[in-house]
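Notes follow once the structure below has been shown.
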Amino acid sequence: MISHLDLDAFFAAVEELEDPSLRGKPLVVGGDPRSRGVVATANYAARHYGIRSAMSSAEALRRCPGVIFVPPHMSLYVEYSHAVWQAVREIIPVVEQVGIDEGYLDLASVDPDPRQARALAEAVQAAVRAATSLSCSLGVASCKVVAKVASDRRKPGGLTVVPPGREAAFLAPLDVRTLPGIGPRAEERLRAAGVDTVGALASLDGATLGALIGGKLGLMLRDRARGIDPRPLETSVERISIGHEETFERDVSDRETLYAELQRMAARVAARLAVRGDAARTVTTKVRYQDFSIRSRSVTLAAGIDTADEIAGHACALLDRALSDRPGALRLVGVSVSSLEPFRQLPLG
DNA sequence: TCTGGGGTCCTTTATCGG
DNA sequence: TCTGCCGATAAAGGACCC
């Protein structure tokens, strides 16, 4: 059995622990409502007003004029996260961490008997609370997708166990959007075709599926909808790309300003490459226009590079290409590197 | 003055060498 | 020589997730 663990309103919960005067008041961790900020996490008091993650901070303020805004303190959350996962691993050593606030636990590695799964999950929940005072929700099932959906059923602080054999029946009545992999676009198309529940998705034929979502992806999501998910736990994943991007407070069209921004971001990317001792063969520049559309241009080099100047040089040339293909003021620029490889010094002699 | 920043993965299209 | 096809790889875009 697998368990999916999800920390409840993680960023907001940490802020409440650090400053008890915030507790119970509507709280948003995220960007400034007076500029282009969005909500990263809202605590449950704020959610009561309809405030949700990814909502613009300005909209959040409109829904609850008394809401308190706190900017994100990522390094603090990383510390708490370390403490959480350390506590988890003391009970379940085999885990796959997915991002800062969730992950999968291989309960079977401790006890293969499915009847012991609930007790193990309860022990994990208690250990997290004891170590950090944080609350988390857990889902327990035979595969990842069902465990993940289950962890979301009884938030906050919940534990939902789906016995083996009950996967499809558990998923069937749920809203189709609750299935991971169904985003806004797929949801819209499915609803237009009258598919509103996971169960309805599970019973679609291949042709309909192909027309609505696309062949390969459609078949995979239908399997998931049936509670079939062969993905194993990935206990170590290496990073594929490193990037930085920033939205300007006001749209920018001045080329020199954009170059300067790219240079700054290239320096940050280079610093992160250096920490890992890696070089990169691909540089990508991304721009976002006033109408929110995104364009990217990339080059792949014969040999890896790792200095800020080299990355910035390519990034600026790519920016020129993007802007000559489609001129216009930009609300965002970003630079990222991929095709990472270990940087090797030339062998001596 | 709606709409962040960090990513991953998949699909389509272009290009190039047999 | 021309054309078509095949496979590999890059590039670009789009959807999705936390």
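Atoms considered below: every heavy atom in the structure, side chains included; atoms not considered: hydrogens, waters and symmetry mates.
The nearest whole Å value for the distance from the CG atom in Leu332(A) to the P atom in dC2(B) is 16 Å. dG14(C) atom P lies 11 Å from atom CG of Asp291(A), rounded to whole Å. Look at CZ on Arg326(A): it is 16 Å from P on dA12(C), rounded to the nearest Å. The separation between Phe248(A) atom CZ and dG5(B) atom P is 10 Å, rounded to whole Å. Taking atom CD on Gln290(A) and atom P on dC2(B), their separation rounds to 10 Å, with Å as the unit. For the pair Glu238(A) CD and dC9(B) P, the computed distance is 10 Å after rounding to whole Å. Rounded to an integer number of Å, the gap from Ile242(A) CD1 to dG5(B) P is 18 Å. We find that CD1 of Ile213(A) is positioned 12 Å from C1' of dA15(C), with the value rounded to whole Å.
Contact annotation for Gly31(A): no contact, since no heavy-atom pair falls under 4.0 Å across all strands. When heavy atoms are screened at a 4.0 angstrom cut-off, Arg288(A) is found touching no nucleic acid atom at all. Contact annotation for Lys286(A): no contact, since no heavy-atom pair falls under 4.0 Å across all strands. Nucleic acid contact class of Ser336(A) (heavy atoms, under 4.0 Å, all strands): none. At a threshold of 4.0 angstrom between heavy atoms, the contacts of Gly243(A) are confined to the sugar-phosphate backbone, with no base atom among them. Arg36(A) comes within 4.0 angstrom of the backbone, heavy atoms only, and of no base. Within the 4.0 angstrom heavy-atom criterion, no nucleotide atom of any strand lies near Glu59(A). Residue-level contact check: Ile100(A) touches neither bases nor backbone, having no heavy atom under 4.0 Å from any strand.
One finds a side-chain N or O of Arg297(A) lying less than 4.0 angstrom from the OP1 or OP2 phosphate oxygen of dG13(C). The phosphate of dC2(B) (OP1 or OP2) has no side-chain N or O of Arg63(A) nearer than 4.0 angstrom. Here Thr247(A) does not reach the OP1 or OP2 of dT3(B): none of its side-chain N or O atoms lies under 4.0 Å away. At dG13(C), one or more side-chain N or O atoms of Arg295(A) fall inside 4.0 Å of OP1 or OP2 (strictly under the cut-off). Taking side-chain N and O atoms only, His244(A) has a distance below 4.0 Å to OP1 or OP2 of dG6(B). Remark: Ser296(A) is in phosphate contact with dG13(C), judged by side-chain N or O atoms under 4.0 Å from OP1 or OP2. For Arg331(A) and dT3(B), the shortest distance from a side-chain N or O to OP1 or OP2 is below 4.0 Å.
Atoms NE2 and OH, on His73(A) and Tyr77(A) in that order, are 6.0 Å from each other to the nearest 0.5 Å.
A salt bridge is absent between Glu188(A) and Arg185(A); no separation between the charged side-chain nitrogens and carboxylate oxygens falls under 4.0 Å. Using a cut-off of 4.0 Å between Lys/Arg side-chain N and Asp/Glu carboxylate O, Arg239(A) and Asp278(A) are scored as not salt-bridged.
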May I have the list of side-chain donor-acceptor pairs in residues 167-177 of chain A shorter than 3.5 Å, sequence neighbours left out?
| residue | atom | partner | partner atom | Å |
| --- | --- | --- | --- | --- |
| Glu167(A) | OE1 | Gly165(A) | N | 2.9 |
| Glu167(A) | OE2 | Ser142(A) | OG | 2.5 |
| Glu167(A) | OE2 | Gly165(A) | N | 3.4 |
| Asp175(A) | OD1 | Arg177(A) | N | 2.9 |
| Asp175(A) | OD1 | Arg191(A) | NH2 | 2.7 |
| Asp175(A) | OD2 | Arg191(A) | NH2 | 3.1 |
| Arg177(A) | NE | Ile182(A) | O | 2.8 |

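The stretch residues 184-204 of chain A comes close to DNA chain C through Pro184(A), Arg185(A), Ala186(A), each having a heavy atom under 4.0 Å from the strand.
Inter-residue side-chain proximity for Leu330(A) and Tyr289(A) is flagged as met; some heavy-atom pair is nearer than 4.5 Å.
The stretch residues 39-54 of chain A participates, sequence neighbours left out, in no salt bridge (Lys or Arg N to Asp or Glu O under 4.0 Å) pair at all. The salt bridge (Lys or Arg N to Asp or Glu O under 4.0 Å) contacts involving residues 74-97 of chain A comprise Glu96(A)-Lys144(A), where partners must be two or more places apart or lie in separate chains.
The nucleotide whose nearest atom lies closest to any side-chain atom of Asp101(A) is, among dC18(C), dG5(B), dG4(B), dC18(C). Among the nucleotides dG4(B), dG13(C), dT8(B), the one closest to any side-chain atom of Ala54(A) is dG4(B). Closest to the side chain of Ile240(A), from the set dC9(B), dG6(B), dG4(B), is dC9(B). Between dA11(C), dT3(B), dC17(C), one nucleotide has an atom nearer to the side chain of Ser298(A) than all others, and that is dA11(C). For Arg177(A), the listed nucleotide lying nearest its side chain is dC17(C); candidates were dA10(C), dC17(C), dT3(B). Here the side chain of Phe292(A) is nearest to one of dT8(B), dG5(B), dT3(B), namely dT3(B).
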Do any N or O atoms of the protein come closer than 3.5 Å to N or O atoms of nucleotides 10-13 of chain B, and which pairs are they?
none

Verdict with supporting geometry, Ser151(A) and Ser137(A), side chain to side chain donor-acceptor pair (under 3.5 Å): CA-CA 6 Å; Ser151(A) 71; Ser137(A) 297; over 6 Å; no

Verdict with reasoning, Thr307(A) to Glu310(A), per side chain to side chain donor-acceptor pair (under 3.5 Å): CA-CA 5 Å; Thr307(A) 68; Glu310(A) 289 171 302; 2.8 Å; yes

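Residues passing the side-chain hydrogen bond (donor to acceptor under 3.5 Å, both in side chains) test with His314(A), sequence neighbours excluded: none.
Between dC18(C) and dT1(B), the two P atoms lie 33 Å apart (nearest whole Å).
Residue-environment remark: CD (Glu122(A)) exceeds the threshold of 12 foreign heavy atoms within 6.0 Å. By the neighbour-count criterion of 12 heavy atoms within 6.0 Å, atom CZ of Arg231(A) is densely surrounded, having more than that number from other residues, nucleotides or ligands.
Two residues, Arg34(A) and Ala40(A), neighbour DNA chain B, and the one matched to the more 5' nucleotide by heavy-atom proximity is Arg34(A). Nearest-nucleotide positions on DNA chain C for Thr300(A) and Ile182(A) put Thr300(A) closer to the 5' end.
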